[in-house]
2 protein chains.
Amino acid sequence: MVVASDAVPLDRRHRRRRETIEEVLDHAVQIMAEDGVAGLSLGEIARRMEMRPPSLYVYFPSKHALYDALFARGWRLLLDRMRASEEEHPSVEDDLRVIMLRVGNDFVRWSVENFAYAQLLFWRPVPGYRPGEAAYEPAVELYQQSSARLAALKQRGLLRADVDVEVALRDWTVLVSGVISQQLANEPGEPFESGRFAAAMPELAAMFANYYGNPARDRASS
Amino acid sequence: MVVASDAVPLDRRHRRRRETIEEVLDHAVQIMAEDGVAGLSLGEIARRMEMRPPSLYVYFPSKHALYDALFARGWRLLLDRMRASEEEHPSVEDDLRVIMLRVGNDFVRWSVENFAYAQLLFWRPVPGYRPGEAAYEPAVELYQQSSARLAALKQRGLLRADVDVEVALRDWTVLVSGVISQQLANEPGEPFESGRFAAAMPELAAMFANYYGNPARDRASS
DNA sequence: GTCTATATGACGATAGAC
DNA sequence: GTCTATCGTCATATAGAC
C-alpha cells in the first residue's frame, strides 16, 4: 500500500466534502432566518443545492446532527467575534461600566445581526433537540473566556474584592440574554441601532457596574 | 320565530362548545410541555380527545388560531396570577428592593412552573406564527398594570423623581425575562427553588433598586 | 464514495358525505 | 358536529446506480 500517492486525492475528497458541508450549513442558516429556526427543512436545503433530500444524509446522519453543527458553528462565530472585539479594544480603561457596555454591545449586536443563530443558541426552539456535549465546546470556551475576563477586572480592582466572579458572570449573562430575548421576541427584524431593548444596554451596564464595581476605583459609577 | 324557546338549547350548545374548546387548550398545553411548543400537533390533540384531526377545525380555523388562543390564555393566566400576588401582598413596604423581588419572584415562579406557556409568551418558537392583535390584549393589560404599579412607587417616593417609568419598566422586563430565558434554556425542568438563574433574582432586584431607587427614602439599598 | 429513486408514516389542511 | 377520503409536504430509511 502506497500511502503517499493516495494522500493527495484523499485530501481533495476531504476538502470537497467539507466544502459541501459548509454549503449545507450556509443554506440552513439562510432558511432559518427566513422561516424560523424550527422551520428549517432538509427538503428546502436540498432544493437550493439542487440535490435530492436523501443526499444530505451523506453529510449529516440526522436533522438533529445538522442542528448540532449549527449550534457549534454559532457559538464558534460568536466566540471569534468576542475575541476580535477584545483585540480591537483591550479593556484598559479604568471604568467598569464602559468596559461592560462595550463587551455587552458587541455581544448583543452580533446576536441581533445573526438572529437565526441567536435563537438557536439562547432559546430552545426545536422540539426534541438538545445540543450534544461536543456542540457545547465553543460555548464553554466563551464562558471561560468571559469568566477569565471578569477575574482579571477583579484583579485590577475594578470589581470589588468580595465579589464572586461566577455570580457576577451569571447576573451579567442574565442581563445580556434578557436584552437579546426581548429584542428578538418583541421587535424581530429591528436593527441593533434602533432596537428598543438593545438601547437598554447603557442603563444595564451602569446597573451592573454600580452593583459589582469597586467604588474606590471606579469614580464614574454613582 | 320564537326566540325565547330557542335560547336555552342555543346556550347549551354554546356552553358545550366552549367546554370543548377549553378541553382542546388543556390538551394542547400538556402536549407542548411534553414535546415543546413547536412540537404541538393537531393529530395528537385529536388522539387524546378520541376524535379525528379534521374535527378540530370546527373549533379552530387553523393551527395558528389555536396558538393565538393559547397565547391569550397564557397572558390571561399570568395576569391573574400577578393580580392575586398583589392582593395577597400589597406593596406597602418602604423598601423598593423587597417589593421588586416579591413581584419578580412571583413572575419567574409562574413562568418556570408553566414553562410551556412561558416559551410561547416570551420566545418565538413557532415558525410563521405571529400573535394576533386580539391575543395581545391581556399582555397589554399586564404591561399597563406594571406601569401603573411603578408609577405608584414613584409617587410614594421609592423611585427617584427623575426616573422615566417606561424606561425603568423596560429594564425590569429585561431582567425578569433574562432570568426566565436562561433558566428555561439552560436548566429545563429545574424547579424554581433550585434553579441557578432563578436564584439570581435577589441580586437583580437589588441592582434595580440601587439604580432606580430613591436613596433618600430607601435606606436598605447601598 | 456520492448521489438517486423509491417508499413509509406523520403532519396540516380541505372537501364533502352523513 | 363528526366523519372518511384526499392532497401536498415533511423527515427518514433502504436499496442500488454510477
Side-chain angles (χ1 to χ4, degrees), chain A residues 1 5-25 27-28 30-32 34-71 120 125-130, chain B residues 6 9-25 27-28 30-32 34-70 120 125-130 132:
Chain A
M1 183 168 80
S5 65
D6 273 9
V8 174
L10 201 73
D11 279 358
R12 194 155 53 210
R13 268 206 299 276
H14 275 146
R15 199 182 54 230
R16 172 131 179 70
R17 180 181 169 84
R18 218 184 30 203
E19 282 172 3
T20 306
I21 287 177
E22 293 299 311
E23 198 184 337
V24 171
L25 296 178
H27 281 294
Q30 180 64 32
I31 294 166
M32 288 194 298
E34 294 169 15
D35 300 340
V37 172
L40 176 62
S41 99
L42 299 183
E44 185 59 29
I45 298 175
R47 209 167 293 125
R48 298 186 184 195
M49 294 187 71
E50 297 182 288
M51 282 179 158
R52 267 5 97 191
S55 304
L56 292 171
Y57 282 80
V58 172
Y59 306 100
F60 298 96
S62 72
K63 199 182 182 185
H64 280 9
L66 173 57
Y67 276 123
D68 245 19
L70 290 166
F71 187 88
L120 182 62
V126 183
Y129 167 65
R130 228 188 99 51
Chain B
D6 273 11
L10 201 74
D11 278 359
R12 195 156 52 210
R13 269 204 300 274
H14 274 145
R15 198 181 56 228
R16 172 129 179 69
R17 180 182 168 83
R18 218 186 28 205
E19 282 172 5
T20 307
I21 288 177
E22 292 301 311
E23 197 184 337
V24 170
L25 295 179
H27 282 294
Q30 180 62 32
I31 295 166
M32 288 194 299
E34 294 170 15
D35 301 339
V37 172
L40 176 62
S41 99
L42 299 182
E44 186 58 29
I45 297 174
R47 210 167 295 124
R48 297 185 185 197
M49 294 186 70
E50 297 183 289
M51 279 178 157
R52 266 5 97 189
S55 304
L56 293 171
Y57 282 80
V58 173
Y59 306 100
F60 297 97
S62 72
K63 198 183 182 185
H64 280 8
L66 174 57
Y67 276 122
D68 246 18
L70 290 166
L120 181 62
V126 183
Y129 168 64
R130 227 187 101 51

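- Contact annotation: B/Ser55 reaches the phosphate of D/dC3 (side-chain N/O to OP1 or OP2, under 4.0 Å).
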Each nucleotide N or O in nucleotides 15-18 of chain D that has a protein N or O under 3.5 Å away: list the pair and distance.
none

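- Using a 4.5 Å heavy-atom threshold, the side chains of B/Lys63 and B/Val126 count as separate.
- Residues B/His27 and B/Glu23 meet the side-chain proximity criterion, which asks for heavy atoms closer than 4.5 Å.
- Under the 3.5 Å distance criterion, the side-chain polar atoms of B/His64 are matched with a main-chain donor or acceptor of B/Gly128.
- Rounded to a whole Å, the CD1 atom of A/Ile45 is 15 Å from the C1' atom of D/dT9.
- Considering only heavy atoms from C-beta on, B/Leu120 comes within 4.5 Å of B/Tyr129 through its side chain.
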Protein-nucleotides 7-12 of chain C N/O pairs closer than 3.5 Å?
from: C/dC11; atom 1: OP1; to: B/Ser41; atom 2: OG; distance (Å): 3.3
from: C/dC11; atom 1: OP2; to: B/Arg47; atom 2: NH2; distance (Å): 3.0
from: C/dG12; atom 1: OP1; to: B/Leu42; atom 2: N; distance (Å): 2.8
from: C/dG12; atom 1: OP1; to: B/Lys63; atom 2: NZ; distance (Å): 3.3
from: C/dG12; atom 1: OP2; to: B/Leu42; atom 2: N; distance (Å): 3.1
from: C/dG12; atom 1: OP2; to: B/Gly43; atom 2: N; distance (Å): 3.3

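- Atom-to-atom, CE of A/Met51 to P of C/dT4 comes out at 7 Å; the value is rounded to the nearest Å.
- Counting to the nearest Å, the P atom of C/dT2 and the CD atom of A/Glu19 are 13 Å from each other.
- Using a distance-only test at 3.5 Å, with no hydrogens or angles considered, a donor-acceptor pair links the side chain of B/Tyr67 to the main chain of B/Val37.
- OP1 or OP2 of C/dT2 sits under 4.0 Å from a side-chain N or O of A/Arg17.
- B/Pro127 and A/Gly39 make their closest contact through CG-N, 3.3 Å (heavy atoms, listed as atom of the first residue, atom of the second, distance).
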Fill in: Step-by-step salt bridge (Lys or Arg N to Asp or Glu O under 4.0 Å) determination, A/Arg18 to A/Glu22
CA-CA 6 Å; A/Arg18 218 184 30 203; A/Glu22 293 299 311; 6.0 Å; no
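- The OH-C1' distance, from A/Tyr59 to C/dG1, rounds to 9 Å in whole Å.
- OP1 or OP2 of D/dA11 has not a single side-chain nitrogen or oxygen of A/Tyr129 nearer than 4.0 Å.
- Residue-level contact check: A/Arg52 touches the backbone only, with heavy atoms under 4.0 Å from sugar-phosphate atoms and none from bases.
- Minimum heavy-atom separation, A/Pro53 to A/Tyr57: O-CD1, 3.9 Å.
- Shown here for A/Leu56 and A/Val24, the closest heavy-atom pair between the two residues is CD2-CG2, 3.9 Å.
- Across all strands, B/Phe60 comes closer than 4.0 Å to no nucleic acid atom at all (heavy-atom distances).
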